[in-house]
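Quick notes on the structure that follows.
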Amino acid sequence: MNETAERQMQFLFALRQRGVTDKRVLEAMEKVDRGAFVKGTFSERAYEDMPLPIACGQTISQPSVVGLMTQALDVQPRDKVLEIGTGSGYQAAVLSHLARRVYTLDRHKRLVTEAQKVFDDLGLTNITTLPADGSRGYPEQAPFDRILVTAAAEDPPGPLLAELKMGGIMVVPVGQSDAVQHLIKVTRTETGYDYEELRPVRFVPLIEGMGQD
Ligand code: SAH
């Protein structure tokens, strides 16, 4: 077995071991080379199951957390998905293999520009990037079948709840940024919203307004 194939096998094995068992999610993650989203000195650690620093003081999430969040989101092939927190673009790339269209927003223009470049290089044409404050949602394209927030909010943001379709699902880390947060799965029903607590996580905070760069 060559080095790339072996690395790939270990990467997928680690995901399964940490509870990422959904076949479609594993297939989507197999298609996306995480190495394309990690730059500079950390690139050699791209296949390890750990978060890594990216530009603008942000982080690319741990692959198993990306897998578990994607699994909880239960994305369907016809879905229109909104991601808040483009970061490196890795999570959006994984979603792009499962959904019809992915809209991804980040408050740092630089991250959006860099992620767009990687999507172009990889030929991922069903992702739309936008520099914007995602805590206000994305009314121009609402409503969404699925919403994934990849930064921690103190509560599930109201504008995002409002932009969920009936039967839609949102996955969001909730809690203070310097404490343990919980991954919450919100399902919109005929009568309101159902909340399910999934697991403890640690994310950078969701911050209102645009970033400096
Ligand atoms: N999903 C990313 C990791 C996200 S890190 C990946 O796959 O690499 C969290 C990101 O959320 C950061 O890039 C940060 O800039 C962004 N963010 C924080 N608050 C935001 C807001 N209000 N609107 C949009 N993006 C926000």
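Order of appearance sets the numbers: ligands from 1, and atoms from 1 within every ligand.
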With heavy atoms only and a cut-off of under 4.0 Å, state how [X] meets ligand 1: side chain, backbone, both or neither.
{"X": "Arg107", "result": "both"}
{"X": "Thr86", "result": "backbone"}
{"X": "Asp106", "result": "both"}
{"X": "Pro205", "result": "backbone"}
{"X": "Ser88", "result": "both"}
{"X": "Ala132", "result": "backbone"}
{"X": "Gln58", "result": "side chain"}

Any idea which protein heavy atom is nearest [atom], and the distance to it?
{"atom": "atom 11 (O) of ligand 1", "value": "Gly85 CA, 3.2 Å"}
{"atom": "atom 19 (N) of ligand 1", "value": "Ile207 N, 2.9 Å"}
{"atom": "atom 5 (S) of ligand 1", "value": "Thr59 O, 3.2 Å"}

Within this structure, what is the NZ-CG distance for the pair Lys185 and Asp74, rounded to the nearest 0.5 Å? 6.0 Å
I want to check something: taking the side chain as every heavy atom from C-beta on, are Val149 and Met170 in contact at a cut-off of under 4.5 Å? yes
